[in-house]
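Here the structure is a predicted model, which means the values were calculated and not measured. Heavy-atom basis, side chains included; hydrogens, waters and symmetry copies ignored. The first residue in the sequence is number 1, and the count goes up from there. One-based numbering, in listed order, for ligands and for the atoms of each.
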Amino acid sequence: MKISIIGTGYVGLVTGVCLSEVGHHVTCLDINPEKVDMLSKGISPIYEPGLGDLMVKNMEAGRLSFTTSHILGLKEADVVYIAVGTPQGSDGAANLSYVYQAARDIGRNITRDVVVVTKSTVPLGTNHKVKQLITANLEGNHCVQVVSNPEFLREGSAVYDAFYGDRIVIGADCPEAAAVIEEINKPFGIPVLKTSISSAEMIKYASNAFLATKISFINEIANLSEKVGADVAEVAKGMGQDARIGSQFLKAGIGYGGSCFPKDTSALVRISEELNHDFHLLRSVMEINENQKTVLVEKAVERLGSLEGKRIALLGLAFKPETDDMREAASIAVAEKLMELGAEIIAYDPVAAENAQRILPEGVLFAAQIEEAVKDADVVFILTDWKEIVEKALILSSLFMKNPIIFDGRNCYTEKEVKKYNVEYVSVGRMPVIPNREKEFEVTLAASF
Ligand SMILES: NC(=O)C1=CN([C@@H]2O[C@H](COP(=O)(O)OP(=O)(O)OC[C@H]3O[C@@H](n4cnc5c(N)ncnc54)[C@H](O)[C@@H]3O)[C@@H](O)[C@H]2O)C=CC1
Ligand SMILES: O=C(O)[C@H]1O[C@H](OP(=O)(O)OP(=O)(O)OC[C@H]2O[C@@H](n3ccc(=O)[nH]c3=O)[C@H](O)[C@@H]2O)[C@H](O)[C@@H](O)[C@@H]1O
């Protein structure tokens, strides 16, 4: 069985590599020639742990190849995955133009009966439209079945998620087509849930919206905890121990970012509006998230007064650790706000700096090393909890800053850890830690180097 994948972004590439790893023959197709050129040389265009090695291994085994040609990429395919982007349009709804173009491309180029699998996150009814578009563009008399197979991987652990996901959802109107996709996925050994196409489409949006809701909920609890002197980390732990609630996605911070939660919540609100339903809860989730992105800046203004001319080190720029993805990263909103307030920004990210340079406002300086960012800074902001940043930010601030002060948007440290250092520490949903400058601290310059 020959598999083709249209789109080699995070989802298409990970899917292609992992399907080839379990023994399938996969051709990945992308319209971006630079990407395909890199991929054909065995270089992954994205930072995703474990992906590059697995990709090269399967290319060398002759199971994985890349092309920009729809003719070559589709002519021998029995199964075609659509994994192109569905970015947020200017009206908040998902922009389906790439999906529809992929459908036309499939119709024009397939040479046999195929099962088309939609991996892209698409609103209700899209799969029916995809089938119509393919059929309308067919050049031969081929039978086409469409299956909705939403993707649940997380960036930064995408390869792991492909092999150890909680479920594989297969939405189909045709049981034979569903069986083909179930068979392809058998080697992963992940439980399969078969549904209608509409339910599969809804499962994807509902899952992301629910996770986003958990985050905004805990962020509101964090904001409240600060007012009453509670510690949101303890609150989340206590809540999470209730199996009905679960401990995941209860980490308070500066809100969710990334390529999916923001756009998928917005798309679901638009889908609801089109159905004359006001999804009030989800609108609030989005609003809370917008406000949450800049709570650290507000705290800094409250504590320090004017930020004009202050040198602020932004540690971590990607929307989460272990990725170079800057889409909707909180660092963008924070940097814009700080620039507006006249601060001077020196930014550091171990992996996402190159992408960040294209996105963050002009005038932001970039440090090649974390030490360079912290040295001479008046204030440190932690925006992404990369392991390196968690390991070094506290100690470097205590060593290099005149009056060390950290605003931590990811709650990286406990009060006990902070108290070993001569650092003022402001986090989210917890009381600030103010050092007693009279006291001898465990970490001193001499002791550390
Ligand atoms: N990024 C993620 O973690 C996840 C994304 N998703 C969904 O998967 C879909 C894809 O997302 P990403 O992989 O992040 O997108 P992406 O933007 O990283 O990649 C999309 C790729 O499709 C290519 N493309 C566009 N039109 C094409 C065409 N007609 N023929 C061939 N290639 C074409 C683009 O050049 C690009 O390389 C979206 O719907 C997204 O919501 C779902 C789960 C996780
Ligand atoms: O549809 C998608 O694209 C994907 O979206 C998310 O995956 P991802 O965006 O890669 O990353 P997450 O780990 O979910 O984090 C998203 C954002 O929420 C934030 N977050 C996460 C968890 C938490 O407790 N608190 C919190 O603020 C993260 O810092 C990050 O900014 C989902 O977790 C995936 O299941 C889904 O497939």
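- Distances between N or O atoms of Y10 and those of ligand 1 include at least one value under 3.5 Å.
- Side-chain atoms of Y10 and R154 include no donor-acceptor pair closer than 3.5 Å.
- Taking every heavy atom of T86 and a limit of under 4.0 angstrom, the matching atoms of ligand 1 come to 38 (C), 39 (O), 41 (O).
- When only interatomic distances are considered, the shortest N/O to N/O separation between V11 and ligand 1 falls below 3.5 Å.
- In D161, neither the side chain nor the backbone holds a heavy atom less than 4.0 Å from any atom of ligand 2.
- Ring geometry, F381 versus F407: the interplanar angle falls from 30° to 60°, so the pair is classed tilted.
- Regarding atom 6 (C) of ligand 2, its nearest protein heavy-atom neighbour is F261 CE2, 3.5 Å.
- Those atoms of ligand 2 with a heavy atom of E151 less than 4.0 angstrom away are 37 (O).
- With hydrogens left out, the protein atom closest to atom 35 (O) of ligand 2 is F152 O, 2.8 Å, a heavy atom.
- Atom NE2 of H277 has more than 12 heavy atoms from other residues, nucleotides or ligands within 6.0 Å.
- Of all protein heavy atoms, the one lying nearest to atom 10 (O) of ligand 2 is E155 N, 2.8 Å.
- D408 and Y413 form no side-chain donor-acceptor contact under 3.5 Å, judged by distance and modelled atom types alone.
- Taking every heavy atom of S259 and a limit of under 4.0 angstrom, the matching atoms of ligand 1 come to 1 (N).
- The nearest heavy-atom contact from the protein to atom 19 (O) of ligand 1 is G9 CA, 3.2 Å.
- Scanning the protein for heavy atoms near atom 1 (N) of ligand 1, the closest one is E155 OE2, 2.9 Å.
- For atom 25 (N) of ligand 2, the closest heavy atom belonging to the protein is K251 O, 2.9 Å.
- Closest protein heavy atom to atom 37 (O) of ligand 2: L153 O, 2.7 Å.
- Proximity of A94 to ligand 1, defined as any heavy-atom pair under 4.0 Å, is not found for any part of the residue.
- In terms of the side chain to side chain contact (heavy atoms under 4.5 Å, CB included) criterion, residue partners of K131 (sequence neighbours excluded) are, by chain and number, T135, Q145, V146.
- Other residues, nucleotides and ligands place more than 12 heavy atoms under 6.0 Å from the CG atom of L72.
- Other residues, nucleotides and ligands contribute at most 12 non-hydrogen atoms within 6.0 Å of the CD atom of E354.
- The main-chain N or O of K75 is found under 3.5 Å from a side-chain atom of T111 such that the two form a donor-acceptor pair.
- No part of R154 comes within 4.0 Å of ligand 1, judged by heavy-atom distances.
- The pair E226-R430 fails the salt-bridge criterion, with no side-chain N (NZ, NE, NH1 or NH2) lying under 4.0 Å from an Asp/Glu carboxylate O.
- Among the atoms of L211, none of the N or O lies under 3.5 angstrom from an N or O of ligand 2.
- At distances below 3.5 Å, not a single donor-acceptor pair connects side-chain atoms of T384 with backbone N or O atoms of P321.
- Close approach of ligand 1 to K204 is summarised as follows: ligand atoms under 4.0 Å from at least one heavy atom of the residue are 43 (C).
- At least one heavy atom of G257 sits under 4.0 Å from some atom of ligand 2.
- Judged by distance alone, the side chains of N291 and E287 never bring a donor and an acceptor atom under 3.5 Å apart.
- Looking at K204 against ligand 2, only its side chain comes within 4.0 Å, counting heavy atoms.
- Short contacts between ligand 1 and K263, defined as distances under 4.0 Å to a heavy atom of the residue, involve ligand atoms 40 (C), 41 (O).
- Using a non-hydrogen distance threshold of 4.0 Å, R327 registers as a contact of ligand 1.
- Under a 4.0 Å criterion applied to the non-hydrogen atoms of R410, ligand 2 contributes the atoms 27 (O), 29 (O).
- The closest protein non-hydrogen atom to atom 18 (O) of ligand 2 is Y256 CB, 3.3 Å.
- The N/O atoms of T121, backbone and side chain alike, include one that comes under 3.5 Å of an N/O atom in ligand 1.
- Closest of all the heavy-atom pairs between N289 and S216 is N-OG, 3.9 Å.
- Considering both main-chain and side-chain atoms, T121 never comes within under 3.5 Å of ligand 2 through any nitrogen or oxygen pair.
- Judged by the 6.0 Å and 45° rule, R327 forms no cation-pi pair with F319.
- D349 approaches A352 most closely through the heavy-atom pair OD1-N, 2.7 Å.
- The ligand atoms of ligand 2 that sit less than 4.0 angstrom from a heavy atom of C260 are 1 (O), 2 (C), 3 (O), 5 (O).
- More than 12 heavy atoms of other residues, nucleotides or ligands sit less than 6.0 Å from atom CG of D91.
- Near D105, meaning under 4.0 Å from any of its heavy atoms, are these atoms of ligand 1: 29 (N).
- Looking at K320 against ligand 2, only its side chain comes within 4.0 Å, counting heavy atoms.
- Closest to atom 9 (O) of ligand 2 among all protein heavy atoms lies F319 CE1, 3.5 Å.
- Atom 21 (C) of ligand 1 has as its closest protein heavy atom D30 OD2, 3.7 Å.
- Between atom 9 (C) of ligand 1 and the options N32, V84, I6, V36, the minimum heavy-atom separation is to V84.
- A donor-acceptor contact shorter than 3.5 Å links the side chain of S20 to the backbone of V17.
- The local environment of NZ in K299 is crowded, with over 12 non-hydrogen atoms from other residues, nucleotides or ligands closer than 6.0 Å.
- Relative to atom 15 (O) of ligand 1, the option among G258, G85, A102, A267 with the closest non-hydrogen atom is G85.
- Among all protein heavy atoms, the one lying closest to atom 20 (N) of ligand 2 is I215 CD1, 3.5 Å.
- Close approach of ligand 1 to L29 is summarised as follows: ligand atoms under 4.0 Å from at least one heavy atom of the residue are 31 (C), 32 (N).
- For the ligand labelled ligand 2, residue E328 lies outside the 4.0 Å heavy-atom shell.
- Annotation: E151 places no N or O atom under 3.5 Å from an N or O atom of ligand 1; distance criterion only.
- Within 6.0 Å of NZ on K214 lie more than 12 heavy atoms contributed by other residues, nucleotides or ligands.
- Using a 4.0 Å cut-off to heavy atoms of S120, the atoms of ligand 1 that qualify are 8 (O), 9 (C), 39 (O).
- Residue K35 has at least one heavy-atom neighbour below 4.0 Å for each of these atoms of ligand 1: 36 (C), 37 (O).
- For T15, the side chain to side chain contact (heavy atoms under 4.5 Å, CB included) partners at least two apart in sequence or on another chain are I5, V11, L19, Y81, K119, E151.
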> How far apart are the C-alpha atoms of N58 and R63, what are their side-chain angles, what is the distance that settles it, and do they pass the side chain to side chain donor-acceptor pair (under 3.5 Å) test?
Replying inline: CA-CA 6 Å; N58 286 287; R63 287 191 297 265; 2.6 Å; yes
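- Here's the thing with K119: none of its N/O atoms is less than 3.5 angstrom from an N/O atom of ligand 1.
- Atom CG of residue L338 and atom CD of residue E336 lie 10.5 Å apart, to the nearest 0.5 angstrom.
- Two rings, from F188 and F163, have their centers less than 6.0 Å apart.
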